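Taking it in order: structure first as structure tokens, then the write-up.
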Protein chains: 2
Amino acid sequence: MSGAETGRQAAPAAARPAPDGASAGHEVLAVVFQIRGDRLCVLLWRRARPPYEEHWALPGGRLGGAEGLDGSIRRQLAQKVDVRDLAHLEQLETRGDPCRHPRGRILATAYLGLVPAGIDPVVPEDTGWHPAVDLPDMGFDHADIVHSGRRRLRAKLSYTNIGFALAPPEFTVSQLSRYYSAALGHDVAATNLRRVLLRRGQIEETGGSVASGRSGGRPAALFRFRTRRLEITDAFAVLRPPAGS
Amino acid sequence: MSGAETGRQAAPAAARPAPDGASAGHEVLAVVFQIRGDRLCVLLWRRARPPYEEHWALPGGRLGGAEGLDGSIRRQLAQKVDVRDLAHLEQLETRGDPCRHPRGRILATAYLGLVPAGIDPVVPEDTGWHPAVDLPDMGFDHADIVHSGRRRLRAKLSYTNIGFALAPPEFTVSQLSRYYSAALGHDVAATNLRRVLLRRGQIEETGGSVASGRSGGRPAALFRFRTRRLEITDAFAVLRPPAGS
DNA sequence: GCAAAAGTGTTGGTGGTACACCCATGG
DNA sequence: CCATGGGTGTACCACCAACACTTTTGC
């Protein structure tokens, strides 16, 4: 391996970086979110040794020699924190600041992963869920990466059906509105959320319903997402192609 | 400047760090777009040797040991293709398929760069602009990456002010509508584009105007973008916070 | 005056929030 | 029958596409 096709270079002197100290290492990280108790939480583990001893960090690790980036983060989440129930996974960004890791030059490609509400994966002792709005002390640039993940999730909730990855297979509209509230960080009225998602064809009634609680109230209808694959449901409001095309 | 690619020399043991055989190399690429002659074009260079001899490729190259990703692609564009007038640059995606490069495992982080219309950077002999809708034979996964870039640009034209990076400092609305048409791939009516961008506060009149051509017509007013930094001008139509907050 | 290109006014549709109101259930 | 929560109907508004119309120029 390690062919090293150097691309082209103009100014020999400058272009010839250090004896190719180039990428000495590459790691893959994941921002894994789940709604727990009406709050958006992220999965973190606590570092037991330096650097950043006692700080919290994103799950992930070194990229293996023969695996792709997606495969690598899936493997590491399964092996290290026993998370196998990702309903959605997408690449977030790659950080390459030479100083981001005190041990030397390590690039990191971060992913956004979503676990549906309601399930409770068994995670190791040193691993836990933390509210995304109230992060503990975190090492490296990981807190920044969590914020990127939140922004991405917020945006996609608005124009895709990504809600399927936050909600369990069946849910009532009022439950769903709580998931949206938690992820978006502001109130979402159930009454309108129902109409928006129905109009867009994102959700449909299952036919079932849920008995009312002891305090009464009309039984709630159950819904499900029509598909569990990411789709863009709201092409941008503006600048779409003219009708006749 | 910068002629052909100078010898590739297999990176010595230096590139051999990762204990687990992890990342042997990392390159940085750029999809640089410019509107030329009412078409969206991308900057490519023609490979003189294998792999993919005679095919076209995205500009870029190995990441230097002491530079960040952004810095690296800026440096390489400046040195290798003499492009220094990027009005916008953002990270696109990172590809890590172990087989994407026949010479071995090389990760690639791709950027999207935009050069305003009207300027004509001097580029090397083997480098040229190609219509993005009619790409020549391209090596590696570079054609895919160009498509990612187009999708990203199209989306951002709809909800940000990224048009500032396609247009020259001053322009008429009808010119601007041609830039938008080229980048979006469909007609954009000048009459409505003007209103949309004015309402959103993206553009403003400079006061100047352009004399009409020999065929007559009312002189066109000149406009400029109010800012040349990326801003989201159209928060998603849906699911915004309630009014009272 | 006539053609050409820029710019304005207006209409109609879509898709959203807000809020009043009706429905089904438990006590 | 009342409180509680689910569900529907409707008013209103922002935003945009389409198109007719007006303005300003060259010839």
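Only a predicted model underlies this, so the values are computations on that prediction, with no experimental measurement involved. Proteins come first, then strands; the chains are lettered A, B, ... in the order of their sequence lines, and each starts at number 1. Computed over heavy atoms, backbone and side chain alike; hydrogens, waters and symmetry mates excluded.
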>> Rounded to whole Å, please give me the gap between CZ in R194(A) and P in dT8(D).
In response: 5 Å
>> I want to check something: taking the side chain as every heavy atom from C-beta on, are L40(B) and V133(B) in contact at a cut-off of under 4.5 Å?
In response: no
> Which part of the nucleic acid, if any, lies within contact of A221(B), taking any heavy atom under 4.0 Å across all strands shown: a base, the sugar-phosphate backbone alone, or nothing?
Replying inline: sugar-phosphate
> Taking atom types as they are modelled, is there a donor-acceptor pair under 3.5 Å from the base of dT8(C) to the side chain of T191(B)?
Replying inline: yes
>> Judged by each residue's nearest nucleotide on DNA chain C, which is more toward the 5′ side, V173(B) or S212(A)?
In response: V173(B)
>> Taking the minimum atom-to-atom distance to the side chain of P219(A), which one of dC16(D), dT8(C), dT25(C) wins?
In response: dT25(C)
>> Using whole Å, what does the distance between atom C1' of nucleotide dA3(C) and atom CZ of R214(B) come to?
In response: 16 Å
>> One thing to verify: whether R226(A) and E231(A) come together as a salt bridge, which I'm taking to mean a side-chain N less than 4.0 angstrom from a carboxylate O.
In response: no
> Between N192(A) (CG) and dG6(D) (C1'), how many Å, whole number?
Replying inline: 14 Å
>> Between P on dC19(C) and CG on L193(A), what's the gap in Å once rounded to a whole number?
In response: 18 Å
> How do E205(A) and R195(B) order along DNA chain D: which one's closest nucleotide is nearer the 5' end?
Replying inline: E205(A)
> With nearest nucleotides of DNA chain C determined for S174(B) and A189(A) from heavy-atom distances, which residue corresponds to the more 5′ nucleotide?
Replying inline: S174(B)
>> Is there a side-chain contact (heavy atoms from CB on, under 4.5 Å) between D82(B) and R84(B)? Walk through the geometry before answering.
In response: CA-CA 6 Å; D82(B) 220 36; R84(B) 296 183 168 77; 2.4 Å; yes
>> For dA5(C) and S215(B) - does any side-chain N or O of the residue sit under 4.0 Å from the phosphate oxygens OP1/OP2?
In response: yes
> What is the distance from CZ of R199(A) to C1' of dG7(D), rounded to the nearest Å?
Replying inline: 16 Å
> Rounded to whole angstrom units, what separation is found between the OH atom of Y180(B) and the P atom of dC16(D)?
Replying inline: 12 Å
> Quick one: R218(A) CZ to dC23(C) C1', roughly how many Å, whole number?
Replying inline: 5 Å
>> Is there a salt bridge (charged side-chain N to carboxylate O under 4.0 Å, His left out) between R95(A) and D144(A)? Walk through the geometry before answering.
In response: CA-CA 10 Å; R95(A) 301 256 171 164; D144(A) 253 19; 3.3 Å; yes
> Phosphate oxygens OP1/OP2 of dC16(D): is one of them under 4.0 Å from a side-chain N or O of R200(B)?
Replying inline: yes
> Could you state the CG-C1' distance from L197(B) to dC15(D), rounded to the nearest angstrom?
Replying inline: 13 Å
> Could you walk me through whether T127(A) and K80(A) pass the side-chain contact (heavy atoms from CB on, under 4.5 Å) check?
Replying inline: CA-CA 10 Å; T127(A) 305; K80(A) 300 190 178 177; over 6 Å; no
